[in-house]
Amino acid sequence: MTYDFKEIEPKWQKIWDEKKAFEASDKSDKKKFYSLVEFPYPSGAGMHVGHIKAYSGLEVISRKRRMEGYNVLFPIGFDAFGLPTENYAIKTGIHPRQVTDKNVEKFTSQLRRVGFSFDWSRVIDTTDVDYYKWTQWIFLKMFENGLAFRDTALVNYCPSCKVVLSNEDSQGGKCDICHSDVVQKSKTVWYLRITKYADQLLQGLEKVDYLPNIKQQQVNWIGKSTGAFVNFQIKGTNDNLKIYTTRPDTLYGVTFMVIAPEHPAIEKYADQIKNLDKVNEYKAICAKKTEFERTQLIKDKTGVKLDGFSAINPINGKEIPVYIADYVMMGYGTGAIMAVPAHDQRDYDFAKEFGIDIIEVIKGGNIAECAYTESGEMVNSGFLNGVADKKEAVAKMLEYLESKGIGEAAVQYKMKDWAFNRQRYWGEPIPIVHCPTCGMVPVPYDELPLKLPAVENFEPGTDGESPLAKIDSFVNCKGPKCGGAAKSETDTMPQWACSSWYFLRYIDPHNTEKLADEEKLKYWLPVDWYNGGMEHVTRHVIYSRFWHKFLYDLGIVPVDEPYAKRTAQGLILGPDGDKMSKSKGNVVDPNDVIDVYGADVLRTYVLFMGDYTMAAPWSDSSVRGCKRFIERIWGLLFMQKGSGSTPAIEKSVHKTIKKVTEDIEQMKFNTAIAAMMSLTNEIYEVGSLTTEELSMIIRALSPFAPHICEEMWERIGGEGLCSLAPWPVYDESKTIDDTVTIAVQVCGKMKDTVMVPADADQATAVEIAKQNEKVAAALEGKTVIKEIYVKGKILNFVAK
RNA sequence: GCGGGUGUGGCGAAAUUGGCAGACGCGCUGGUCUUAGGAACCAGUGGGAUUCCGUGCAGGUUCAACUCCUGUCACCCGCACCA
């Protein structure tokens, strides 16, 4: 009898559904396990096999946990607001609501065909008003607490998409959506004050179990640096130019200062600056440059000296010339620096370009050649002379600066506040009213959700205005406080808003009173294991940790870190080894694979391909190997015999169960599957196994290939569903061999292997080894100086 | 430039963390059965050769190195004039 996946797979999917086999219980004596995968953006293209790999990791772990007796919450939903849907709507004229519904339906059917054990009773769609009501609610709480605010600043702006972008969405100076160059534009925009949580976001990493590279990326992104603010008096005034430096120890080496082209001091002291025309000309050139261009010319330093404007070095009273240059950014530190060319390469390049003095204050380098950035003995530095330790020098200088009131220790972060509004339709409306008498007023909580109005035209305005601005009935409203005529905010929230808290909603998805019930939150949080893509670690993961910490401070959630553990899967590349993309035409559709081989084969293959965390190319022919394996598993059904284990098979079964049990926990799915393949090969050689052995194998394979395992489970008379049957327990004693094969080396070169009792002592092993022909031949005429014996592994004769 | 990662057969990859390099799978070769096979099954498969060489390259530590150390090259990813 052959294995007919086309009949078996839908059969069991239906049964799981009818029995609500994978629904989590909110009340249970069992230990809870919350496993979370990043919910998909339902694009029109449907899912590709990369999605399947992304979900299969925790799918296996969730299924194993259920079999181990846990109450498992493994939910799924749709992250459905966003530009691709809106752009599609603009192109086709179909409303984003309809597009989203259609795509969600497509994704759902694909996911179901794979047989994922999601709890389908908790599906959420972030574009559902009952969901985004709470996204708006959280925004209002942030507004109330001063974490959501408006400011006029230079922002990243995509001229093609006509939207303001966050730093995170414009990495490398390119728009994350359309990849065109981002320009800097002065606009009044909404921000979320994520920087307030910078230190907590950093500290929090110490107590969570994230893969090391994920942690490191977040640490870099937050970019904490410790240094000092130092005030340089502006000559001829009582005003100061405040700078930030990480090297206060080099203060004696300052020979010039640089301020950003946008620095306010230029306007404030415009009348003092004699070459204002030249300065303004330079400012105009900088403003035209995109962020991308500005980071291109790293070596060629440009700038203009401010004539008639200088500062005083507070440490020695020296007059210091001040320049403007675009290598200093307004967005970091104070937008002004003290330049120490002897010990900073950028300052060095600038000094060479402009013929400025270079004063060595740390010995050890050759400042005629380049800046010396290592540590060494301080010179030309007044009271610091002779100090050789950098830390000590910094500490002494800080102490001095603070005692004189001219500077203070300071911490800076690279992370910037989150630019939060988008001039787009398909997002959550920001629930704020601009009232001419009362200013910015939040929409009252009991009026939430503030629904997206029906529109015909989704095109953003040419002046960078939201499509909502054209809807008079939406824009014109009453001021919530005074009742007078007012205007609604017309911008919407960015794509990352709704995903910043979705894992909380899964816990209580149908609650109409609160975002989720406290008791349930207390039971399920934190997420025990969260898996997703590397591309989200500096965006979604940081954003959601920030929202979570805020909700924790409000007392809404019971733990301060949302995710106890975070891992990331590697990409599936196209068969050509390139990243899968529609334009390259190398995308593999899971439906095509399921049509030919079935879901169990697809699931097994995406996990067998290689290291789960690493990228690997798709191979159509390799899929067939997994198909053969699944079919050979089916064949085991016809090799059963009632009783009487073959001792070697019994041992191998227990060893395999042990390996599978352990490997799954480390996401080493590829070696777990390989072990089961080996075992199968071995059983085929012997030709039989007991029903009990088969039962163990089926259960261990069931997280990977659940459909065939259910069918086999039923046929061997297993009780209930295989998916909920107890995880097979191996007998440790049966995993240990009585005799082992050890390698025998002579002078480190392998000569042969010999069988010895597992607990053989050195003398026994040596005796057995010496009887081996090849070993004896190699030792012929030599004197053994030393014998090295590692039990169960190796015996090495060191001989002359 | 900084941070993270990866280099192992024709290919995807393993290696109990210093102990038999190449498990498992693909592909390939030969065979069996077939009208046929891009099906199934069986056997073989790192390279040269009769005892050597092989984990990007060059050194080192060790009885023993894919694994540890020093240097170096290549590729991938992230950040990037961050003061």
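Lettering of chains follows the sequences in order, A, B, ..., and the numbering in each one begins at 1.
Applying the Watson-Crick and G-U wobble criteria (two distances, each under 3.5 Å), B:rC41 pairs with B:rG31. In this entry B:rU61 has no Watson-Crick or G-U wobble partner, no candidate having both defining distances under 3.5 Å. Checking B:rC75 for Watson-Crick or G-U wobble geometry (two distances, each under 3.5 Å) identifies B:rG5 as its partner. B:rC26: Watson-Crick or G-U partner is B:rG10, with both key distances under 3.5 Å.
For the pair A:D326 CG and B:rC81 P, the computed distance is 10 Å after rounding to whole Å. In this structure, A:Q218 atom CD and B:rC77 atom P are separated by 21 Å, rounded to whole Å. Taking atom CD1 of residue A:I630 and atom C1' of nucleotide B:rG25, one finds them 13 Å apart after rounding to whole Å. Rounded to an integer number of Å, the gap from CG of A:L573 to C1' of B:rC76 is 10 Å. Atoms CG (A:D578) and C1' (B:rC76) sit 12 Å apart, rounded to a whole Å. The CZ atom of A:R566 sits 20 Å away from the P atom of B:rG4 (whole-angstrom rounding). Computed from coordinates, the A:M534 CE to B:rC76 C1' distance equals 13 Å when rounded to whole Å. Nucleotide B:rG3 holds its C1' atom 11 Å from the CG atom of A:N213, rounded to whole Å.
Not counting sequence neighbours, A:D4 has no partner by the salt bridge (charged side-chain N to carboxylate O under 4.0 Å, His left out) test.
Aromatic ring pairs are classed by plane angle as parallel below 30°, tilted from 30° to 60° and perpendicular above 60°; the pair A:F350 and A:F354 is parallel.
Remark: A:K242 is positioned above the aromatic ring of A:F229, its terminal NZ or CZ atom under 6.0 angstrom from the ring centre and at most 45 degrees off the axis. For the pair A:R624 and A:Y597, the cation-pi test (distance below 6.0 Å, angle within 45°) is failed.
Taking atom P in both B:rA23 and B:rA39, the straight-line distance is 23 Å, to the nearest Å. Taking the C1' atom of each, B:rC28 and B:rG46 are spaced 14 Å apart, rounded to whole Å. Taking the C1' atom of each, B:rG27 and B:rG22 are spaced 16 Å apart, rounded to whole Å. Look at the P atom in both B:rU16 and B:rC20: the space between them is 9 Å, to the nearest Å. Annotation: B:rC53 and B:rG3 have their C1' atoms spaced 38 Å apart (nearest Å). Nucleotides B:rG47 and B:rG10 place their P atoms 8 Å apart, quoted to the nearest Å. One C1' atom belongs to B:rU50, the other to B:rU32, and the distance between them is 33 Å to the nearest Å. The gap from the P atom of B:rC26 to that of B:rC42 amounts to 12 Å, rounded to the nearest Å.
With A:V784 as reference, A:L779 is the one residue of A:V746, A:L779, A:V766 to meet the side chain to side chain contact (heavy atoms under 4.5 Å, CB included) rule.
If you find the closest nucleotide of RNA chain B to A:K749 and to A:S225, the one lying nearer the 5' end belongs to A:K749. Between A:G625 and A:D344, the residue anchored closer to the 5' end of RNA chain B is A:G625, taking for each the nucleotide with the nearest heavy atom.
Side-chain nitrogen and oxygen atoms of A:Y244 include none within less than 4.0 Å of the OP1 or OP2 phosphate oxygen of B:rA83. For the pair A:R632 and B:rG25, the criterion of a side-chain N or O lying under 4.0 Å from OP1 or OP2 is not met. Between A:R624 and B:rG25 there is no side-chain polar atom (N or O) within less than 4.0 angstrom of OP1 or OP2.
Side-chain rings of A:H48 and A:W618 stay apart, their centers remaining 6.0 Å or farther from each other. A ring-centre distance under 6.0 Å is not found for A:F608 and A:F669.
Here B:rG9 is in the syn range [glycosidic angle within 90° of 0]. A glycosidic torsion no more than 90° from 0 defines the syn conformation; B:rU35 lies beyond that range and is anti.
Between A:K668 and A:E662 there is no salt bridge, since none of the side-chain N atoms of the basic residue sits less than 4.0 Å from a carboxylate O of the acidic one.
Screening residues 737-750 of chain A for salt bridge (Lys or Arg N to Asp or Glu O under 4.0 Å) gives A:K655-A:D737 as the qualifying pairs, with residues at least two apart or on separate chains.
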Expected string for nucleotides 9-24 of chain B under the B/S/- scheme (protein heavy atoms, under 4.0 Å, primed atoms plus P, OP1, OP2 as sugar-phosphate) is ---BSSS---BB--BB
